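Reviewing the structure listed below.
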Amino acid sequence: MAIKIIIAIANCFYVFGLLIVARCLLTWIPNLNWENKFIKHVIKEPADLYLNLFKFIPPLGPFDFSPIVALIVLQVLRDIVIKGAIIIFSMLGIIG
């Protein structure tokens, strides 16, 4: 049971990472309707909520590296959360 919870947590981080990548790739499509309900509520708003935390990073010329930093931070957070869950489950004796 504990392993399934840890895998579910890891999958949530993975899906959110894909969401961020999809958001970044969609910016390359000209004339995209950002008011489309699916794009707006499933991709744009959740990703922007997280990506806006990294807007303090200035772009270097035409390149915005804040999404790359955001993805690296997301991976570090994923590792911390998963290792913390493993430690907690080990302390509880749920996982060996």
Side-chain angles (χ1 to χ4, degrees):
M1 177 66 171
I3 297 296
K4 289 182 180 181
I5 293 172
I6 292 169
I7 291 171
I9 292 169
N11 287 340
C12 288
F13 277 96
Y14 177 73
V15 168
F16 194 67
L18 288 177
L19 190 77
I20 292 169
V21 170
R23 166 70 171 106
C24 294
L25 292 176
L26 286 174
T27 62
W28 294 354
I29 300 174
N31 302 324
L32 180 69
N33 181 13
W34 287 104
E35 294 304 314
N36 177 296
K37 287 186 179 190
F38 178 80
I39 293 172
K40 183 177 181 181
H41 297 297
V42 176
I43 298 174
K44 185 180 185 298
E45 289 179 356
D48 283 352
L49 187 65
Y50 178 69
L51 289 172
N52 286 340
L53 297 173
F54 299 91
K55 285 298 178 188
F56 66 91
I57 301 170
L60 296 173
F63 302 107
D64 183 12
F65 289 102
S66 61
I68 295 170
V69 174
L71 286 171
I72 291 169
V73 170
L74 188 68
Q75 292 301 313
V76 170
L77 286 173
R78 179 190 65 94
D79 291 345
I80 291 170
V81 169
I82 289 175
K83 288 177 183 172
I86 290 170
I87 290 170
I88 290 171
F89 287 138
S90 295
M91 288 172 49
L92 294 174
I94 299 173
I95 194 171

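In this text the structure is predicted, and so the values were computed from the model without any measurement. Note: hydrogens, waters and symmetry copies are ignored here, and every other heavy atom, side chains too, is used.
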Within one Ile-Leu-Val-Met-Phe-Trp-Tyr cluster: [X] and [Y], side-chain cutoff 4.5 Å:
X	Y	answer
L71	L77	yes
I82	Y14	no
I87	I7	no
M1	M91	no

Non-neighbouring partners of L25 that pass side chain to side chain contact (heavy atoms under 4.5 Å, CB included), sequence neighbours left out: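 V21, W28.
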Residues in side chain to side chain contact (heavy atoms under 4.5 Å, CB included) contact with I88, at least two apart in sequence or another chain: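 Only L92 meet the side chain to side chain contact (heavy atoms under 4.5 Å, CB included) criterion with I88.
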Lys/Arg N to Asp/Glu carboxylate O, D64 vs K55, below 4.0 Å: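 Answer for the salt bridge query: yes.
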Matching residue for P67 among I72, L51, I57 - test: side chain to side chain contact (heavy atoms under 4.5 Å, CB included): L51
Heavy-atom side-chain contact between D79 and V76 under 4.5 Å: no
Check: F65 ring centroid to F54 ring centroid under 6.0 Å: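 No, too far apart.
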Heavy atoms from other residues, nucleotides or ligands near CZ of F56 exceed 12 (cutoff 6.0 Å):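 For F56, atom CZ is crowded (more than 12 foreign heavy atoms under 6.0 Å).
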Approximate separation, where rounding is to 0.5 Å, of [X] [atom1] and [Y] [atom2]:
X	Y	atom1	atom2	result
F13	L18	CZ	CG	13.5 Å
L53	D48	CG	CG	11.0 Å
I68	C24	CD1	SG	8.5 Å
I39	R23	CD1	CZ	10.0 Å
K44	F38	NZ	CZ	14.5 Å
Q75	R78	CD	CZ	5.0 Å

Hydrophobic cluster of L49, others only, ordered by chain and residue number, side-chain cut-off 4.5 Å: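 Taking Ile, Leu, Val, Met, Phe, Trp and Tyr as members, L49 stands alone, with no cluster partners.
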Between [X] and [Y], which heavy-atom pair has the shortest distance, and what is it?
X	Y	result
A70	Y50	O-OH, 2.8 Å
I6	A85	CG1-CB, 4.1 Å
P46	L19	CB-CD2, 3.8 Å
I94	A2	CG2-CB, 3.5 Å

